[in-house]
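Read the structure below first, then the notes.
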Amino acid sequence: MASNLSKPDVLSVAKLPPLLLESMLAHYTVHDRLHVNDPTAFATLAPRIRAIAATGDSKVDAALIAQLPALEIISVMGVGYDGIDVAAARARRVAVTHTPGVLNDDVADLAIALMLGWARQLPRADRFVRAGAWENGPLPLGRKLSGARLGLVGLGRIGQAIAHRAGAFGMRIAYTSRSAKSGVLYPYLPSAVALAAQSDYLVVITPGGAETRHLIGAAVLEALGPQGCLVNVARGSVVDEAALIDALRAGTIAGAALDVFESEPRVSQALREFEQVVLTPHIGSATAQTRQAMADLAFANLQAQFSGQPLLTPVPGR
Ligand code: 8YV
């Protein structure tokens, strides 16, 4: 795309949704994944790039930041920014923004949908009716969700939105996180193992990144036990997928409902074959309304940067 002197140059490091791209094109010259698609052209253009537009699953590492001397801001359309080297950005005084808040409802809704879908076997029931199997007898019984024990690994904005909804199902809620949250009445457990040991549904809703990598491994799954279900709406990296596959094979846990995966969009064949696993393709925030709100916020952060206004939603910390 040709550069325009009056418009700041922006490198998009992911395929931007039309919702975001359309508003951006009016104000910016957007170079769609130029660093990957045309490294030679990118090398020429790099000194002019003033912003990076990214999505929640994008990678922006120190090497890329180092190639962009004029970079001012990395705007992530997503609440998670574990793919961004924030320390490298900060060292260069490059701002990093994300889109918290606007997707809480959707991700929490999906967590509840996954629990219900798994407990009441909705994908299997749907296949059962379509295949005409009903005429030969009923679907095997599902499980009751109302009143079950919910363990939340993470009680940030989305974790609290899940708890709020789960309360309406009479679920008994407990949580773990780095430390107990003040003013929260749900019981706090000091570790994921301790929480899993007293949960029927263990829902992972903690940020990704090095700190939480493989937080859910063999020991946690063992503690969750043969009646337990693991639900992940956070990041694939938080769950040791090999350990999960072993646990599903061995019946160490009853099943899982997963929206995120270690190597998405590739999903291991083993996971795809388990009947007791419900799979969705990272759709936590994937509604028209929420993606619009995320696009608007990601765009507003860019606009704030280039008009000298305070950023709306910088990532936390300094
Ligand atoms: C999407 C997400 O993957 O917000 C996040 O962190 O994982 C999701 O909402 C994505 O960022 C949409 O652009």
Side-chain angles (χ1 to χ4, degrees), residues 13-14 35-36 52 54-68 71 73-100 103 107 111 151-159 175-181 188-196 202-224 230-247 256 258-268 271 282 284-285 313-318:
V13 292
H35 59 314
V36 181
I52 288 178
T55 55
D57 34 24
S58 298
K59 301 270 170 288
V60 177
D61 59 14
L64 179 58
I65 293 169
Q67 287 176 76
L68 305 173
L71 187 64
I73 180 171
I74 302 168
S75 172
V76 179
M77 180 182 153
V79 67
Y81 51 89
D82 44 296
I84 315 294
D85 190 333
V86 175
R90 289 221 164 102
R92 280 268 318 280
R93 297 185 181 281
V94 171
V96 182
T97 60
H98 65 148
T99 60
L103 42 57
V107 182
L152 288 164
V153 179
L155 195 70
R157 288 173 289 250
I158 303 174
Y175 75 103
T176 190
S177 60
R178 266 179 304 187
S179 56
K181 308 250 172 206
Y188 169 77
L189 278 298
S191 70
V193 170
L195 179 69
L202 190 70
V203 174
V204 182
I205 185 59
T206 190
E211 250 181 75
T212 56
R213 187 169 186 277
H214 287 187
L215 176 69
I216 309 300
V220 174
L221 298 168
E222 181 79 36
L224 183 56
L230 178 74
V231 178
N232 190 2
V233 288
R235 282 289 181 266
S237 61
V238 184
V239 173
D240 177 346
E241 220 165 84
L244 173 61
I245 290 166
D246 287 348
L258 309 168
D259 185 48
V260 288
F261 305 88
E262 276 199 282
S263 305
E264 62 185 59
R266 286 184 304 282
V267 176
S268 86
L271 279 181
H282 199 152
S285 66
T313 45
V315 300
R318 318 199 112 258

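Keep in mind it's a predicted model, so treat the numbers as computed, not measured. The first residue in the sequence is number 1, and the count goes up from there.
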*Between the main-chain N or O of H282 and the side-chain N or O of D259, is there a donor-acceptor pair closer than 3.5 Å?*
yes

*Y175 side chain to G159 main-chain N or O, any donor-acceptor pair under 3.5 Å?*
no

*asked:* Looking at E211, I want to see if its CD is surrounded by more than 12 non-hydrogen atoms of other residues, nucleotides or ligands under 6.0 Å.
replied: no

*asked:* If I take atom CG from residue L64 and atom CD1 from residue I84, how far apart are they, to the nearest 0.5 angstrom?
replied: 9.5 Å

*Identify the two heavy atoms, one from A234 and one from I205, that lie closest to each other, and give their separation to 0.1 Å.*
CB-CA, 3.9 Å

*Donor-acceptor pair, side chain of S177 and main chain of G154, under 3.5 angstrom*: no

_L103 vs I158, test: side-chain contact (heavy atoms from CB on, under 4.5 Å). Steps then yes/no._
CA-CA 8 Å; L103 42 57; I158 303 174; 3.9 Å; yes

*Closest approach of S237 and G209, non-hydrogen atoms and distance?*
OG-N, 4.0 Å

*Minimal non-hydrogen separation, H98 against P316, with atom names*: NE2-CD, 4.0 Å

*asked:* Surrounding CD of E222 (heavy atoms of other residues, nucleotides or ligands, distance under 6.0 Å), is the total greater than 12?
replied: no

*Check for a donor-acceptor pair, side chain of R90 on one end and backbone N or O of G317 on the other, with a separation under 3.5 Å.*
yes

*Can you tell if the side chain of H214 reaches within under 4.5 Å of the side chain of E262, non-hydrogen atoms only?*
yes

*asked:* Using modelled atom types and a 3.5 Å cut-off, is there a donor and acceptor pairing between side-chain atoms of T212 and backbone atoms of L215?
replied: no

*asked:* Side chains of I216 and N232, heavy atoms from C-beta outward: is any pair under 4.5 Å?
replied: no

*For the pair S75 (side chain) and T97 (backbone), establish whether a donor and an acceptor sit closer than 3.5 Å, ignoring hydrogens and angles.*
no

*Does some side-chain heavy atom of V96 sit less than 4.5 Å from a side-chain heavy atom of V60?*
no

*What residue among V193, L195, L230 forms side-chain contact (heavy atoms from CB on, under 4.5 Å) with L224?*
L230

*asked:* Tell me the closest heavy-atom pair linking T313 and P100, and the distance in Å.
replied: CB-CD, 3.7 Å

_Nearest-0.5 Å distance, CG of residue L244 to CG of residue L271_ = 6.0 Å

*Run the numbers on V239 and L258 for side-chain contact (heavy atoms from CB on, under 4.5 Å), then give the verdict.*
CA-CA 10 Å; V239 173; L258 309 168; 5.7 Å; no

*Could you tell me which non-hydrogen atom of V220 sits nearest to which non-hydrogen atom of A196, and how far apart they are?*
O-CB, 3.5 Å

_Nearest heavy-atom neighbours spanning R92 and L68_ = NH2-O, 2.7 Å

*Can you check whether V204 reaches V260 side chain to side chain, under 4.5 Å on heavy atoms?*
no

